[in-house]
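Beneath this line is the structure, given in structure tokens, with notes to follow.
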Amino acid sequence: MHTGTEVRRRLEPALTLPDEVPVVFYPDEAWVHGRHLVGRLVGLAVAAGAEHRFGTAVRDIGTRADGAIRTLVLSDGSRLDVDVVVNAAGPSASHVAGLIGRHLPMRWEPGAVTRIECAQVPVHRPMHAPHIEIRPDGDASMALHSREIDDALIDTGEDPAELARLLHESARRVIPELGNSRITQTRGDCKSFGVTPDHGGCTDDQ
């Protein structure tokens with residue numbers, strides 16, 4: 001546990017927070033940039049001999065009498081002999097599961113993520129501040145999210161542009177250096193979750 005003063009002195013000088021406010025610091029907390037991770041994994045797989053088929057959807061999955069996966073039929077008409085299918089289709093995961101007669105319950109939740117551009121990212125760690133969640137998103141960009149804003153999207157159907165303004169305003173209260181930053185993207189869409197009786201697991205991120 002740290003105080004606001006200690007956080008500014010030792011961890012994140014750009015933050016604005018009361019001197020004595022308690023702050024929990026998790027030194028092992030991090031985040032994964034999903035698009036970069038997938039791009040790197042695909043690149044490594046191709047270098048090792050894999051073939052990518054971007055822009056083609058799975059139209060059918062053939063199985064043997066014992067239920068084992070046998071073939072894939074793609075939207076371009078091609079047919080592939082396979083032993084395993086990894087269903088990482090995000091919002092379409094339920095449809096893919098249905099191709100082999102499986103039911104994958106999905107729960108949809110509206111959510112908004114805003115990205116802002118700044119000359120220099122003023123913080124180095126993901127953080128959960130009052131009313132706003134902030135993390136770096138590259139060398140000159142940051143990602144903003146708020147569960148409260150998501151609730152507004154669900155309850156009122158608020159315009160994503162207005163939600164982006166509210167996110168930006170909340171971020172500037174915590175990090176004044178973001179005063180000169182600008183909004184570059186807002187995604188106000190649905191997060192999909194694969195749901196089991198015991199837990200829900202996110203299948204698509206924003």
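Side chains included, hydrogens not; waters and symmetry mates left out as well; all remaining heavy atoms used.
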[X] to [Y] - nearest heavy-atom pair and separation:
X	Y	answer
G179	R172	CA-CD, 3.5 Å
N87	A97	ND2-N, 3.7 Å
A164	T186	CB-OG1, 3.0 Å
P126	P136	N-CD, 4.1 Å

Pair [X] + [Y]: basic N to acidic O under 4.0 Å:
X	Y	answer
R125	E12	yes
E169	R165	yes
R70	D83	no

>> salt bridge (Lys or Arg N to Asp or Glu O under 4.0 Å), that's the test. Do R79 and D60 meet it? Break it down for me.
In response: CA-CA 9 Å; R79 187 184 188 92; D60 192 25; over 6 Å; no
>> Can you list everything that forms a side chain to side chain donor-acceptor pair (under 3.5 Å) with R53? Sequence neighbours excluded, please.
In response: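 If we apply the side chain to side chain donor-acceptor pair (under 3.5 Å) test to R53, skipping adjacent residues, the hits are E51, S78.
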Is [Y] reachable from [X] through a run of I, L, V, M, F, W or Y residues, each pair having side-chain heavy atoms under 4.5 Å apart?
X	Y	answer
M127	W31	no
L80	V73	no
L99	L104	no
F54	L74	no
L144	L17	yes

Would a distance-only check, ignoring hydrogens and angles, find a side-chain to backbone donor-acceptor pair under 3.5 Å from [X] to [Y]?
X	Y	value
S141	E117	no
T56	S75	no
E6	T3	yes
S92	H95	no
D19	T5	no
D150	A112	yes
T184	R115	yes

> Out of curiosity, T16 OG1 to I175 CD1, how far, rounded to the nearest 0.5 Å?
Replying inline: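 Rounded to the nearest 0.5 Å, the OG1-CD1 separation comes out at 8.5 Å.
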>> Would you compute the distance between atom OG of S94 and atom NE2 of H103 and round it to the nearest 0.5 angstrom?
In response: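 The distance works out to 6.5 Å.
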Just so I know, are the side chains of [X] and [Y] near enough to count as touching, which here means a heavy-atom distance under 4.5 Å?
X	Y	answer
T63	I100	yes
E29	P27	no
M1	V23	no

>> Check this for me: R64, atom CZ, are more than 12 non-hydrogen atoms of other residues, nucleotides or ligands nearer than 6.0 Å?
In response: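 Buried by this count: over 12 neighbours within 6.0 Å.
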> Hey, mind stepping through M142 and V123 against side chain to side chain contact (heavy atoms under 4.5 Å, CB included) and telling me if it holds?
Replying inline: CA-CA 9 Å; M142 300 187 70; V123 296; 3.3 Å; yes
>> Using side chain to side chain contact (heavy atoms under 4.5 Å, CB included), reason through D139 and V121 one step at a time and then give a plain yes or no.
In response: CA-CA 6 Å; D139 295 332; V121 174; 5.9 Å; no
> Which residue, V21, V24, V7, forms the side-chain contact (heavy atoms from CB on, under 4.5 Å) with H2?
Replying inline: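 For H2, the side-chain contact (heavy atoms from CB on, under 4.5 Å) test succeeds with only one of V21, V24, V7, which is V7.
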> What do the steps show when you test E133 against R147 for salt bridge (Lys or Arg N to Asp or Glu O under 4.0 Å), and what is the final call?
Replying inline: CA-CA 9 Å; E133 298 156 16; R147 296 184 186 278; 3.7 Å; yes
>> Does I116 form a side chain to side chain contact (heavy atoms under 4.5 Å, CB included) with L178? I'd like the steps, not just the answer.
In response: CA-CA 9 Å; I116 58 174; L178 295 178; 4.0 Å; yes
> Stepwise, does the side chain to side chain contact (heavy atoms under 4.5 Å, CB included) test hold for L72 with V85?
Replying inline: CA-CA 9 Å; L72 286 182; V85 172; 3.7 Å; yes
> So which pairs with a foot in residues 39-49 pass salt bridge (charged side-chain N to carboxylate O under 4.0 Å, His left out), sequence neighbours left out?
Replying inline: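 Residue pairs with at least one partner in residues 39-49: there are none.
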> Going through the checks in order, is the side-chain hydrogen bond (donor to acceptor under 3.5 Å, both in side chains) test met by S181 and H168?
Replying inline: CA-CA 9 Å; S181 61; H168 197 198; 2.7 Å; yes
